[in-house]
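Below is one structure; the comments refer to it alone.
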Protein chains: 2
Amino acid sequence: MRGKATLRDVAERAGCSITTASNILQGRSHLYREDMAQRVLRAAHELGYRPNSVARSLARRRTAAIGVVLDPHHVRLTHNVYAHDVLDGILAYLEPRDYDIRLITPRTNDAATVWRRIDNGSIDGAILIAPVMGSPLLEWRHYSSLPVVAVGSTLPDEYLLSQVDIDNDAAMAGLVEWVIQQGHRAIGFIKGHPLHWSAHQRERAFRRVMMLNGVPLREEWILQGDYGPESGALAASRLLRQKEQPTAVIAANDDMAVGFIQKCRELEIAVPDTISVAGFDDAYWAQRVGLQLTTIQHDRYQVGYLAAQMLLHHIEMGDAPPQRILIPGALVVRQSVAPAHALASMPTLTTTLLTEGGSRL
Amino acid sequence: MRGKATLRDVAERAGCSITTASNILQGRSHLYREDMAQRVLRAAHELGYRPNSVARSLARRRTAAIGVVLDPHHVRLTHNVYAHDVLDGILAYLEPRDYDIRLITPRTNDAATVWRRIDNGSIDGAILIAPVMGSPLLEWRHYSSLPVVAVGSTLPDEYLLSQVDIDNDAAMAGLVEWVIQQGHRAIGFIKGHPLHWSAHQRERAFRRVMMLNGVPLREEWILQGDYGPESGALAASRLLRQKEQPTAVIAANDDMAVGFIQKCRELEIAVPDTISVAGFDDAYWAQRVGLQLTTIQHDRYQVGYLAAQMLLHHIEMGDAPPQRILIPGALVVRQSVAPAHALASMPTLTTTLLTEGGSRL
DNA sequence: GAGGTTTTTAGGAGCGTTTCTATAGCACGA
DNA sequence: TCGTGCTATAGAAACGCTCCTAAAAACCTC
């Protein structure tokens, strides 16, 4: 019984036409006499009428739903911690605006299948979560004319995709700068996953700031990782086996930094006394485990929130030119990095410094 | 141009009726002559035709979408770690079956609004993520006739909801039993969030097994927590301030156990040498941080997978009676619990023991 | 070559809304 | 008495698809 009452039923019970019922239920009751409006509203209430959103979408040619598309590369949502916070931000923005969210996780690279699942009339626009290099999703403009915003990957302009991301370059630059200021001249780096744009941006910033400060870059101290903690541990065992070793290591993310530190503990190498370690991301779990990781904090929630906002704007405005928002990160100084030559005097308070602001395309 | 070709366009181009095009594109080409089928398929391909899923849903009276509903209580998805794994399992089952997922996060308790958002014809069924006590979602049967499966909360039978959950009772019983077998007779407990069914079930199992084994229950060692790490730390400072202290503490989840251990470290109390600590859940982040937490591992992914399977079954079968699946947990022995009187001989290998199996309603 | 079967194709009524357009009914001034 | 301009309401055509039913075409058979 419930959930099956249709507009026709309401109209019938109120003794009016479907048009009338529709108008009044959409809030246009000023068009009608007071008592008519009351009759319809009451009828709807008595029948427990709920408008069928599918029929409405068809008639309106708008679905009031947006798709959140996970790159096929991120096989499991779980393993993409990034996505959770972003999703929260998206939900927070969209929920009060009565938009629905469709979670789309293509598990194939077959273009026809992927696009049939994404652009089949069921959404008004989409947010792409961290598309990686070579992802079929990057060819969006080629397969779909739906508005779209990419988050978590700062993409080259030629893709013509709107984007919201953290400012990887500026944030990493600030971190490296700071480490150098701590007196370190022998600094290693653990790279992120080679298919992630962010990995390259963070590495590039590292190299640039090192050069600019005249600190020698030693390739044997720049190790490949994949953003996973195990790869950090692996990098540690590789690095610490070398004859000469850096006094500080910057990992492209916290997970690898934690893996690195774990391995150091196993090998009984003191952090930060013997070697300083910095991370990036300010991962939730790394914080509450007493590692006191010096890292870059950034607001993933806000990334999602702004992405949703930008997407709705695109949906309403029709095709606006692609836009890019970069959100600045903040350096969080904890205790995993010590001054290079004054190991005794470590900062005891947790300090937060803003790195330089974001930029716009 | 793209994404706008309609069935009519395809039919026109292939020189046939809409019916014919529809049938062939739905795979019923055996009804037609080979060349007709080819013509239609080619036309569709040339036009880049993609069936409009909204229109299809309306006509078929099935949406091929299910809703994943987060309890309003879990304000942020992020803070509900549980949900991620479950969602992964759901996605894994549903994606290959061409079902869509709608993420629904009601942020209000107003019934009309909540149900207008959930049961408005846009989904064929729903999975409820960990509804808490007093949640409006529990009145599902009262507001909706859609098939539904609850996960993460083992609910009383009277709600008439199908469920998939881990077997909190059996798993906790196994853990407590094991701790007692390690020789502990002075055991404390940190309770989970009072609105979560699981918190009560875990506590009840703790009390029962203690009684059954004739181990004295000391209420001053049974502390209220809320599943968050801070509440574990708080419990630690409360407990460790007492004149008499337990030799082991069981926390209702890992987050609290970790908070507890952190606080112990601060207070320079050795774990497990002075006090043993066990957790529950085998949280991802607790593992890779060197805490070596003895805990209960359970397969949240499978919970999601089975819930999705059960839901689809309900959708296809019409109203089957509510069903309940409880998945057994596994005791993972690491190093945070030491034998009560032989602190030197701790297990060095990580061992996994299955607790007793699940049960069915 | 008429009647009967079977194969192949088309017609058209939904599905539940929205929305454009039309039409009563009525008061008004000219 | 006749438009004119309101206000309050209804009709009906979409939206793009599915699917039940029926018609047309082809193929037999005697």
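So that the names make sense, note that chain A is the first sequence line, chain B the second, and so on, each numbered from 1.
Between the P atom of C:dA10 and the CZ atom of B:R8 lies a distance of 15 Å, rounded to the nearest Å. At whole-Å resolution of the value, CG in B:L58 and P in D:dC17 are 12 Å apart. Distance, B:E34 CD to C:dT8 P: 11 Å, rounded to whole Å. If you measure from atom CZ of B:R60 to atom P of D:dC15, you get 21 Å, rounded to the nearest angstrom. The CD-P distance, from B:Q38 to C:dT9, rounds to 13 Å in whole Å. In this entry the distance linking CG of B:L7 with C1' of D:dC15 reads 13 Å, nearest Å. Following rounding to the nearest Å, A:N23 (CG) and C:dT19 (P) show an atom-to-atom distance of 9 Å. Across the protein-nucleic acid pair, B:R50 atom CZ and D:dG16 atom P stand 15 Å apart, rounded to whole Å.
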Side chain to side chain donor-acceptor pair (under 3.5 Å) between A:S17 and A:T20, intermediate numbers included: CA-CA 5 Å; A:S17 76; A:T20 302; 3.0 Å; yes

B:R117 and A:D100: CA distance, side-chain angles, deciding distance, salt bridge (charged side-chain N to carboxylate O under 4.0 Å, His left out) verdict: CA-CA 9 Å; B:R117 267 181 105 35; A:D100 262 2; 3.5 Å; yes

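In terms of polar N and O atoms assigned as donor or acceptor, the side chain of B:T19 comes within less than 3.5 Å of the base of D:dC19 in a complementary pairing. Looking at B:S17, its side chain has no donor and acceptor atom pair within 3.5 Å of the base of C:dG11. One cannot find a donor-acceptor pair under 3.5 Å joining the base of C:dT19 and the side-chain atoms of A:S22.
Here B:T20 reaches the OP1 or OP2 of C:dA10: one of its side-chain N or O atoms lies under 4.0 Å away. Residue A:R56 has no polar side-chain atom (N or O) positioned under 4.0 Å from OP1 or OP2 of D:dC15. The side chain of A:R61 contributes no N or O atom lying less than 4.0 Å from OP1 or OP2 of C:dT19. At C:dT9, one or more side-chain N or O atoms of B:R33 fall inside 4.0 Å of OP1 or OP2 (strictly under the cut-off).
Sorted by first then second residue, the ring pair (Phe, Tyr, Trp, His ring centres under 6.0 Å) pairs that include residues 101-131 of chain B, not counting sequence neighbours, are B:W115-B:W140, B:W115-B:Y143.
Note: B:H84 and A:H84 have parallel aromatic rings, judged against thresholds of 30 and 60 degrees for the angle between ring planes.
The side chain of A:M36 lies closest to D:dT9, out of D:dC17, D:dT9, C:dT8. Among the nucleotides D:dC19, D:dC15, C:dT9, the one closest to the side chain of B:Q26 is D:dC19. Of the listed nucleotides (C:dT17, D:dG16, C:dT8), D:dG16 has the atom at the smallest distance from the side chain of B:N52. Across D:dA8, C:dT8, C:dA10, the shortest atom-to-atom separation from the side chain of A:Y32 is found for D:dA8.
Figure legend: B:R28 and B:Y32 shown without cation-pi pairing, the cationic atom not lying both under 6.0 angstrom from the six-membered ring centre and within 45 degrees of its axis.
Contacts of B:R62 with the nucleic acid, taken as non-hydrogen atoms under 4.0 Å apart, are absent. As judged by a 4.0 angstrom heavy-atom cut-off over every strand, A:T6 is placed among residues touching the sugar-phosphate backbone only.
Recorded end-axis angle for the helix from C:dG1-D:dC30 to C:dA30-D:dT1 stands at 70°, based on five pairs per end and rounded to 10 degrees.
Here the OG1-CG distance, from B:T154 to B:L161, works out to 12.0 Å after rounding to the nearest 0.5 Å.
Judged by closest nucleotide on DNA chain C, B:C16 is the one of B:A55 and B:C16 placed further toward the 5' end. Mapping A:I18 and A:L31 onto DNA chain D by nearest heavy atom places A:L31 closer to the 5' end of the strand.
Using a 4.0 Å cut-off between charged nitrogen and carboxylate oxygen, A:D9 and A:R13 do not count as a salt-bridge pair.
Judged purely by distance below 3.5 Å, without hydrogens or angles, the side chains of A:D110 and A:T108 never pair a donor atom with an acceptor atom.
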